[in-house]
Amino acid sequence: MLLDQPVVDIGAVVRVEIEDAVAASMLAQQSGVMAGNVIVVDDDGIVTQSADADDISLQGEALHSSIVIAKDQLRHKGAGAGVMVGPREGACNPLSILGVSACLSPRRSMLLAAMQRMRIKELLAAETPPGEVRVQGWVRTRRDSKTFSFLEVNDGSSLASLQVIYDASIEGYAANLPHLHTGSSVDVSGVVVRSQGKGQNWELQVRSLAVLGAAPETYPLQKKRHTREFLREIAHLRPRTNLFGAVFRVRSRLSFAIHRFFQERGFVHVHTPIITASDCEGAGEMFRVTTLEGQAFTAPEAETRDFFGKRTFLTVSGQLEGETFACAFSNIYTFGPTFRAENSNTARHAAEFWMIEPEMAFCDLTGDMEVAESLIQFLIRDALDHCTEDLAFCNEFVDQGLLERLRLIAGRPFSRISYTDAVEILLRSGKTFEYPVVWGQHLQTEHERYLSEEHCRGPVTIYDYPASIKPFYMRQNEDGKTVAAMDLLVPGIGEIIGGSQREERLDRLSQAMHSQGLREEDYWWYTDLRRYGTVPHAGFGLGFERLVMMVTGVENIRDVIPFPRTPRNAEF
RNA sequence: UCCGGCAUAGCUCAGCGGUAGAGCGGGUGGCUGUUAACCACUAGGUCGUAGGUUCGAAUCCUACUGCCGGAGCCA
């Protein structure tokens, strides 16, 4: 089709972004383009001239501020129009002209938009060739042959990339090639054909390719293995790697599966507050929330003049609020961020993390343990079913025993041992521990590891802990020494769930609060639950990141949170 | 916060008292339906910061900063 009409109306606004410099005239020569439509734009991108030209090399002075659209390319498949943009200022020597930009003309945008994008995951899974398609994504790697290039394009829909065959005869090849580094974003249209090479069923034969954004050689991600430590320093780019792609797709799926588990069982999702005045006793140091500054902050009675009129913090748990809703809806769950201001420097702790906290009325500790165990098994099975490719990758590159372990956990009942029996087992183990095993003391990490990794060789729930080492709200057992608490321990991770039956008897609760030095009036609304229609109830907290660690095998919590917050680290 | 380790090219590391090195990545050229492609050439570094010891320090000592591993706190 020959264009007799101006390409673009005078006065139209064209978005022009010159980011990458290439000689415009060289592209024209290499492409054999000697005739085209030239539009001239001013600095605001408004079209001031629009004309059909027989020889663009004659445009001379005008080229420095023009967009040149080759006629051939407009004819080519309708979708392959190339756009060249000259710099908007500077000298006009054709050989020094900079800026062949990958920006799209309105016409080209329109033409490309007409073809619907296909996600690479669907494309690769196709039974029969989908014909002509359009994909958009980022170049993972490029391999050049004499007459064509292989591009691996990934759009995040799956671990696998699409192999794209870019033939040198395609318009724009020579100009685009220097921009097609690892990390560049591309918009590709072409035909899906059966691959001649090994490693993939389908590949894409390019008919038209546009570089949306080039990634110059300073792009930090190379097509090789990087350490997790380095990738943490470029947390904004690491989701583009295989491992973090897999981890965050699994994380997303697990998040969905958690809602599925509870929603299918009639639990009501509750958004508990993030700013709170109450300390869920025993949950650690809290971040203070305040609008006070300078001297006002340290002044006596400062909190009465603060935003909320009292001292407030970022929540460490939604449990207390969750209990109030459980005492209305029977079964509820929360799923949200929680915060701990502990100076923890370990692979398992973060200052900001996500927690799932179900709370069930008319439920005792046994029921609590049953829900906790079936939740873990449900989540593992869901991930095995829906994240097969990503977990296979983790199994190969993170932890070679991962899949075997996950199947084991999902497939058989968990062990259950009372705290008192656990102490006996540890004492009779014949092991020498760094910390002595004493009834009434916390189980140390080394003790928990022995129980789950050696004694049970799988997940184990420890229950009925000494009252002296647990918070006030846990239900006192009849032995007068223990409370109805439980911890679910997983090999390699440690405690993944901590929960309890709550003390529903007002007198016992008051007594526990006094003996732990708490002012009952600060918790008046919490104790009200025991005053008005109290019921036995129980719940637990599941650390979401620890779950993701368990399912992916990734051993550091900083690598399963998109932008981890740990002491001295909140860059992104 | 405590204990231990580490800090050298864009990345991963070697060098451990005497002129700063390799592989990968980048650039250039070649070759090939390749798939962490391959071959050749090439560019690239105040050896974390500040002191000290020494004729001489990347190397030995001290402090600081950051990171990593373990512990505690917990999820």
Side-chain angles (χ1 to χ4, degrees), chain A residues 140-153 160-167 178 181-183 193-200 203 205 215-234 241-242 280-286 316-319 337-357 372 397 433-435 442-449 469-471 487-490 493-499 540-550 555-561 566-569 571:
Chain A
R140 282 289 175 83
T141 176
R142 188 187 95 211
R143 297 176 293 275
D144 293 328
S145 179
K146 193 162 213 161
T147 56
F148 62 95
S149 295
F150 295 102
L151 302 173
E152 297 288 335
V153 177
S161 298
L162 175 66
Q163 174 156 291
V164 170
I165 312 299
Y166 193 18
D167 198 277
H181 277 121
T182 302
V193 297
R194 194 164 282 283
S195 179
Q196 297 170 38
K198 289 175 184 167
Q200 60 279 318
E203 63 187 25
Q205 288 278 357
E217 57 270 24
T218 52
Y219 184 63
L221 288 172
Q222 301 169 3
K223 47 183 179 183
K224 68 165 206 169
R225 216 182 141 273
H226 287 291
T227 61
R228 316 273 163 81
E229 291 79 20
F230 171 67
L231 292 169
R232 275 172 217 151
E233 295 169 9
I234 49 168
T241 63
N242 284 335
C280 191
E281 175 66 20
E285 292 297 312
M286 303 176 83
V316 292
S317 168
Q319 181 200 314
T338 49
F339 307 87
R340 303 283 163 88
E342 300 286 347
N343 188 11
S344 295
N345 292 288
T346 82
R348 287 177 290 284
H349 292 85
E352 178 184 283
F353 64 100
W354 287 61
M355 191 152 65
I356 298 100
E357 295 182 288
F397 291 101
F433 295 108
E434 192 186 337
Y435 291 86
H442 282 107
L443 295 178
Q444 300 293 319
T445 297
E446 57 175 343
H447 305 145
E448 295 183 342
R449 286 182 69 112
I469 58 170
K470 289 293 181 182
D487 282 354
L488 203 169
L489 312 178
V490 174
I493 309 287
E495 184 182 340
I496 195 169
I497 280 177
F540 61 85
L542 164 63
F544 185 52
E545 282 74 18
R546 290 190 182 173
L547 173 76
V548 180
M549 289 166 73
M550 181 186 73
E555 53 285 278
N556 196 308
I557 198 167
R558 288 171 267 237
D559 300 328
V560 300
I561 303 181
T566 52
R568 298 175 301 279
N569 183 7
E571 174 71 17

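Here the structure is a predicted model, which is why all the values come from computation and not from measurement. Below, read A as the first sequence line, B as the second, and so on, with proteins coming before strands; counting in each chain starts at 1. The figures here come from the full heavy-atom set of this structure, side chains too, leaving out hydrogens, waters and symmetry mates.
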Annotated protein contacts, base or backbone, on nucleotides 38-43 of chain B with a non-hydrogen cut-off under 4.0 Å, one of B, S, - each: ------

Nearest whole angstrom, please: distance from the C1' of A75(B) to the CD1 of Ile557(A). 8 Å

Re A9(B): Watson-Crick or G-U wobble partner, both distances kept under 3.5 Å, found to be none

Within the 4.5 Å heavy-atom criterion, are Val164(A) and Phe150(A) side-chain neighbours or not? no

Gap between atoms CD1 and C1', on Ile497(A) and C74(B) respectively (whole Å): 14 Å

At less than 3.5 Å, do the side-chain atoms of Gln196(A) and the base atoms of G33(B) form a donor-acceptor pair? yes

Could you tell me how far G10(B) sits from C3(B) if I compare only their C1' atoms? Round to whole Å. 34 Å

The answer to which of Arg558(A) and Gly543(A) contacts RNA chain B further toward the 5' end, by nearest nucleotide, is Arg558(A)

Could you tell me whether the side-chain ring of Phe353(A) sits stacked on the base of A75(B), using a centroid cut-off under 5.5 Å and a plane angle under 30°? yes

Check: C74(B) base within 3.5 Å donor-acceptor of Arg546(A) side chain: yes

Using only heavy-atom distances, determine whether the side chains of Arg140(A) and Asn242(A) contain a donor-acceptor pair under 3.5 Å. yes

Who is the Watson-Crick or G-U wobble partner of A75(B), with both distances under 3.5 Å? none

Please measure how far the P atom in G44(B) lies from the corresponding atom in G33(B), and state the result in whole Å. 35 Å

What distance, rounded to whole Å, do you find between the two P atoms, one in A9(B) and one in C13(B)? 11 Å

Looking at G26(B), C74(B), A37(B), which one has an atom nearest to any side-chain atom of Arg340(A)? C74(B)

With the side chain of Gln444(A) defined as its heavy atoms from C-beta on, choose the nearest nucleotide among C67(B), C74(B), G72(B). G72(B)

Base-pairing mate for C47(B) - Watson-Crick or G-U, with both contacts under 3.5 Å: none

Distance between the P atoms of G72(B) and C11(B), in whole angstroms? 34 Å

Closer to the 5' end of RNA chain B via nearest nucleotide, is it Glu434(A) or Ser195(A)? Ser195(A)

Least distance between heavy atoms, Thr182(A) atom then Tyr219(A) atom: O-CD2, 3.2 Å

Ile165(A) versus Glu203(A): any side-chain heavy-atom pair under 4.5 Å? yes

Measure the shortest side-chain to side-chain distance between Arg449(A) and Leu443(A) over non-hydrogen atoms and say whether it is less than 4.5 angstrom. no

Using atom P in both nucleotides, what's the gap between U49(B) and G70(B) to the nearest angstrom? 29 Å

Geometric class of the His226(A)/Phe230(A) ring pair [parallel <30°, tilted 30-60°, perpendicular >60°]: tilted

For residues Glu152(A) and Gln163(A), determine if any side-chain heavy atom of one lies less than 4.5 Å from a side-chain heavy atom of the other. yes

Below 4.0 angstrom from OP1 or OP2 of G69(B), is there any side-chain N or O of Asn556(A)? yes

On a plain distance test, is the side chain of Glu555(A) in donor-acceptor contact with the base of G69(B) below 3.5 Å? no

Under 4.0 Å, counting only non-hydrogen atoms across every strand here, what does Gln163(A) touch: a base, just sugar-phosphate, or nothing? base

On the nucleotide A37(B), are OP1 or OP2 found under 4.0 Å from the side-chain N or O atoms that Arg143(A) carries? yes

Sidechain N-carboxylate O distance under 4.0 Å for Arg228(A), Glu233(A): no

Integer-rounded Å distance: G70(B) P and Tyr435(A) OH: 14 Å

Could you tell me how far apart Leu151(A) (CG) and G33(B) (P) are, to the nearest whole angstrom? 17 Å

Please find out if less than 6.0 Å separates the ring center of Tyr435(A) from that of His447(A). no

Now, which nucleotide makes the Watson-Crick or G-U wobble pair with A40(B), with each of the two distances under 3.5 Å? U28(B)

What's Glu446(A) touching, base or sugar-phosphate or nothing? Going by heavy atoms closer than 4.0 Å. nothing

Gap between atoms CG and P, on Leu443(A) and C74(B) respectively (whole Å): 12 Å

How does each nucleotide of nucleotides 1-11 of chain B score, in 5' to 3' order, for protein heavy atoms under 4.0 Å: base (B), sugar-phosphate only (S), or none (-)? B--------BB

Does some side-chain heavy atom of Ser161(A) sit less than 4.5 Å from a side-chain heavy atom of Val153(A)? no

C1' atom, U59(B) versus U54(B): distance in rounded Å? 13 Å

Within the structure provided, determine whether Pro216(A) and His181(A) are in side-chain contact (heavy-atom separation under 4.5 Å). no

Nearest-Å distance, CG (Leu162(A)) to C1' (U35(B))? 13 Å

What is the distance from CD of Gln205(A) to C1' of G33(B), rounded to the nearest Å? 10 Å

Mind checking Gly541(A) for me? I need base, sugar-phosphate or nothing, with any heavy atom below 4.0 Å counting as a touch. sugar-phosphate

How close or far is atom P of C67(B) from atom CG of Asp559(A), stated in whole angstroms? 14 Å

Quantified in whole Å, what is the P atom distance between nucleotide G48(B) and nucleotide G15(B)? 15 Å

Go through the N and O atoms of the side chain of Arg348(A) and the base of A75(B), and report whether any donor-acceptor pair is under 3.5 Å. no

For nucleotides U53(B) and U62(B), find the distance between their P atoms and express it as a whole number of Å. 15 Å

Student check: side-chain heavy atoms of Phe353(A) and Thr338(A) closer than 4.5 Å: yes

Watson-Crick/G-U partner (both atom distances under 3.5 Å) of G69(B): C3(B)

Check this for me, if you would: do Glu352(A) and Arg340(A) make a salt bridge, where the nitrogen-to-carboxylate-oxygen distance has to be below 4.0 angstrom? no

